[in-house]
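Taking it in order: structure first as structure tokens, then the write-up.
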Amino acid sequence: MATLEIDRVKKSYGQMDVLKEVSISVGDGDFLVLLGPSGCGKSTLLNMIAGLEDITSGQIRISGDVVNDLSPKDRDIAMVFQSYALYPTMTVRQNIEFGMKIRGVPPEARAKATKAAADMLQMGHLLDRKPSQLSGGQRQRVAMGRAIVREPKLFLFDEPLSNLDAKLRVDMRTEIKRLHQRLGTTIVYVTHDQIEAMTLATRIAVMKDGVVQHFGPPQEVYDRPANTYVARFVGSPAMNIIPASLQVGADGLAEAVVSLPSGEARIAGIPLSAAALKSHAGQKVLLGIRPEHFSLTSGPGLSVHIDVVEPTGPDTLAVFAMGGTEVIARLEPFAAAAGDRLTLAVKQEKVVVFDASSETRLD
Amino acid sequence: MATDLRSARRAQNWGRLFIYGSLAAMAAFYLMPLWVMIVTSLKSLDEIYSGSFIGLPKAVTFDAWAKAWGTACIGTKCEGLKPYFVNSLVMVIPAVILSSGIGAINGYVLTKWRFKGSNIVFGMLLFGCFLPFQAVILPMAQVLGRLGLSGTIPGLVLVHTVYGIAFTTLFFRNYFITIPDELTKAAQIDGAGFFRIFFSIMLPAALPIIVVSCIWQFTQIWNDFLFGVSFTAGDSTPVTVALNNIVNVTMGRKQYNVDMASAMIAAIPTLVVYVVAGRYFVRGLTAGAVKG
Amino acid sequence: MQKPISLKDRLAAWLPQLVLTPSILAVFVGVYLFIAWTAVISFSSSKMLPRYDFVGLEQYIRLWSTPRWITAVENLFLFTVLFLAITIAVGLFMAILLDQKVRAEGVLRAVYLYPMALSFIVTGTAWKWILNPSLGIQKVVNDLGWHSFVFDWITRPEFAIYCVVIAAVWQSTGFAMAIFLAGLRGIDNSIIKAAQIEGASLTRIYLSIIVPMLRPAFLSVIVLLSYISIKSFDLVLALTNAGPGSATEMPSTFMFSATFRRNQMGVGAASAMMMLMTVAAIIIPYLYSELKEDRNGH
Ligand SMILES: Nc1ncnc2c1ncn2[C@@H]1O[C@H](COP(=O)(O)OP(=O)(O)O)[C@@H](O)[C@H]1O
Ligand SMILES: [Mg+2]
């Protein structure tokens, strides 16, 4: 059980800054997901938490203790890797017991811990096999078993599901979630898959080029992304980012004017603080609207011309032009066909506004 | 259409014939010297001088082998190749173990514990693979002299170890670089230290390359001539130097059968290794071309 | 708040460098320092024993005005060109034939490669016997009825170097074959299929598609064979002993005899430096390009 504080941590390789002043802190039992595209520095950060990489500057504290100069084995952590990192010449049992052996755990206790972990992960029948005789999913289980027997304060996962096929990935995702619920241990989990992040996390840190773009609970990241980068990265299809101009509406609330092929349209009643409205009124802004926040309406609304439809099964994605860009709406199945002219309503209370030049969210 | 197919088939048959014919002819050419060495070594000297070169011996005799092994004269001594064969063995075994062991740990450091400048170190080592030894034998002779090792087997072991490190390090580095770094990271988190990781995880996983390295070093060191002839003399020379001495005696009637038997004796250890573990030998050979 | 770091941990941080140090030292001394030392001797007036004075380029001038050395350089050039051309042609031919899904490929490969496992001294001894005009090949052919057949190159100064070429080719073809075969096996089969569908003949496919794709293999073979030819010493010594006369003298044998037989240590060192520079001129660019690709490949 542990808290984790990452305090203004920097990492450079020679001239290259890989992490630039990263600060994140999570509480006991949290599930922190570091989310970002490949090469943004997620693994580097995780390795620094593990003690596998030096920290250029800043502090990392686990349960309040500074661990900057502690070696990995003294940090009371366990880690699961993308390539599983099972010792190829050892059996599954030897893999799981290797760490305990080094720590001098007596044989009976080792056997007991191994059995408990094997039961929890349903892999008792695999214990005497070599890693090369296991499937990807089984290897993943063994890697998790090896981490569990450690009973660490902190679990670290580096893209543990990336090498699995789609179906297995979903199953193992559930498995990891169950593990977290059962053990309640604090977890730091690295992924580039936003769905994994949304489903697992209690806290998400979205990263880009070594900078944390947004740190918060998943729903907040989804609903009110800190900038257009986060808005585009989280959610599939991504949040629509639509150029518009901001005005003060008749009711004194924010109102956006967007261009449509059929002329201009207004979206009224957008939630925005008075200060932000005052400073941006009359200016160009970017609107963030999730695809599911469009709906068909028989009343007044945006009159659009549907370009392409993509049925996904549970719903239909309708593509149309708005504000000079392509916009996607998530509608009921068969609600739209290519070439249709439809009138769409927008859930205005869900609309987010971004500054046009800095692309950060206005509150 | 049918005739078309038939003529295509016929062309293909001629092609196959050409392929197998060429391959067989080349095989004959490459085997011929070995054949000649063996049959000559089994003939009596009279038969050889009566003009039998390539044919089977009329009467097989192992006299030449016995002489080559036990009584042929090298310099003033007539003890055959045996003592020199033993010299080579005593030299090659420690040199192979030392150079391969050092190469293994170097490769491990250079891939799993990289530090600032470790690439430069590797580049420096790599040049050692291609060093023309003529450029170092003079100073080496001086240093061996000062260490009191000149003309001794330990001296040769030292020389072969130092100049073997480059190749063995290259072998192990190129092998360990294919083992994911995550493996060492996992072991570190499990609490294993530098040597523990090396001995319990890396070495057991490196078995094929250990074989490659040992075979390569064995072949190189056994077959070496330059160091042997430059740094040793008399009793302590390795078998290649002794062989050359036997062959180059000019007194009396030249004993070609003894020459060939001697050459076979010097060749047998490496040939046996090649036959038993040829696959690994080829891997070592092509590893010299940094990427094959 | 901060837990203390044990001395052991601090030592552990330096362990990798510590472990590498003996090797670094050995190679630094055994390779780089010794090269410098040889260079120093090459600038001195050393004869039988090393002397540490400075005579400038005197030894190099002496070296290049020694007819034996000129012969050695000419021989090396002739030998290298022939050795490379024949070894590469035959090795490539072998590799292409072996790549035609032939039976007994393993056995054939083993047969072509076994000379690589032999000492050059053994090779030299065997070929000296085979090339012996009075008892070897020439005699065999004569006895078959072709009485005018003459194959006495090994006794003729102007031809003896070709004997060295024959033996060296015999020993090294398997090596070229192995590298070319590895290269051929690395080529994607679908490329050949695509070309066949376009109607190209097999010869055409090999000449204009596959052989150009073997560029890296060619580079490796050329560099490594050049290196073998520059340092070839044992073979020459065993086969011809640099003779008849000094007809098959090579830089390597010249260096050895100047240093250890003729008490011209300074000249020997100068010739060693010439050899080193030749090797370096070939190898350093090669290593550099290989390592650079390595880094990009990562
Ligand atoms: N040892 C290293 N030396 C130099 N650059 C590195 C090293 N390790 C990682 N990097 C660089 O740091 C950046 C972040 O890498 P990483 O943390 O692995 O990204 P991620 O896990 O998010 O894909 C990348 O641009 C990578 O090239
Ligand atoms: Mg990563």
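In what follows, every chain begins at residue 1, and chains take the letters A, B, ... in the order their sequences are listed. Note that these values count all heavy atoms, side chains included, but never hydrogens, waters or copies made by symmetry. Just so we're clear, the structure is a prediction, and the values are computed from it rather than from any experiment.
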key: Validation row, ring centre B/F133 to ring centre B/F227 under 6.0 Å   =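 Centroid distance B/F133-B/F227: below 6.0 Å, so yes.
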Is chain C contacted by the side chain of [X], its backbone, both, or neither, given a heavy-atom distance below 4.5 Å?
| X | answer |
| --- | --- |
| B/F29 | both |
| B/I137 | side chain |
| B/M140 | both |
| B/T169 | neither |
| B/T240 | both |
| B/L110 | side chain |
| B/V121 | side chain |
| B/L226 | both |
| B/M124 | both |
| B/V229 | both |
| B/Q142 | side chain |
| B/Y274 | side chain |
| B/L131 | both |

Under 3.5 Å, is there a donor-acceptor pair between the [X] and [Y] side chains?
| X | Y | result |
| --- | --- | --- |
| C/T173 | B/Y30 | yes |
| C/T123 | C/W170 | no |
| C/S23 | B/N106 | yes |

query = Going through the distances and angles, do B/S88 and B/W222 end up as a side chain to side chain donor-acceptor pair (under 3.5 Å)?
reply = CA-CA 6 Å; B/S88 275; B/W222 185 273; 5.5 Å; no
Chain B interface, residue from [options] that has the most non-hydrogen pairs under 4.5 Å:
| options | value |
| --- | --- |
| C/F260, C/F93, C/Y112 | C/Y112 |
| C/Q100, C/Q17, C/M273 | C/Q17 |
| C/P16, C/A126, C/S42 | C/P16 |

Please classify the contact between [X] and chain B as side chain, backbone, both or neither, with a heavy-atom cut-off of under 4.5 Å.
| X | result |
| --- | --- |
| C/T259 | side chain |
| C/V279 | side chain |
| C/I284 | side chain |
| C/L118 | both |
| C/M94 | both |
| C/Y114 | both |
| C/R103 | both |
| C/I35 | both |
| C/M116 | both |
| C/I130 | both |
| C/F180 | neither |
| C/F233 | side chain |

message = Using side-chain heavy atoms (C-beta onward) and a distance below 4.5 Å, is C/L225 in contact with C/S172?
response =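 C/L225 vs C/S172: side chains touch.
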request  = Mind listing the closest non-hydrogen atom pair of B/Q134 and C/A272 along with its distance?
outcome  =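 Minimum heavy-atom contact is O-CB, 3.5 Å.
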task = Examine C/R261 relative to C/F256 and say whether NZ or CZ is less than 6.0 Å from the centre of the six-membered ring and inside a 45° cone about the ring axis.
result =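 No, cation not above the ring by the 6.0 Å, 45° rule.
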inquiry  = If I take atom OG1 from residue C/T125 and atom CG from residue B/L243, how far apart are they, to the nearest 0.5 angstrom?
reply    =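 C/T125 atom OG1 to B/L243 atom CG measures 4.5 Å (nearest 0.5 Å).
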query = CD1/B/I215 to CD/B/Q220 distance, rounded to the nearest 0.5 angstrom?
reply =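 B/I215 atom CD1 to B/Q220 atom CD measures 12.5 Å (nearest 0.5 Å).
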task = Check the pair C/W37 / C/Y32 against side chain to side chain donor-acceptor pair (under 3.5 Å), numbers first and verdict last.
result = CA-CA 9 Å; C/W37 193 339; C/Y32 298 92; over 6 Å; no
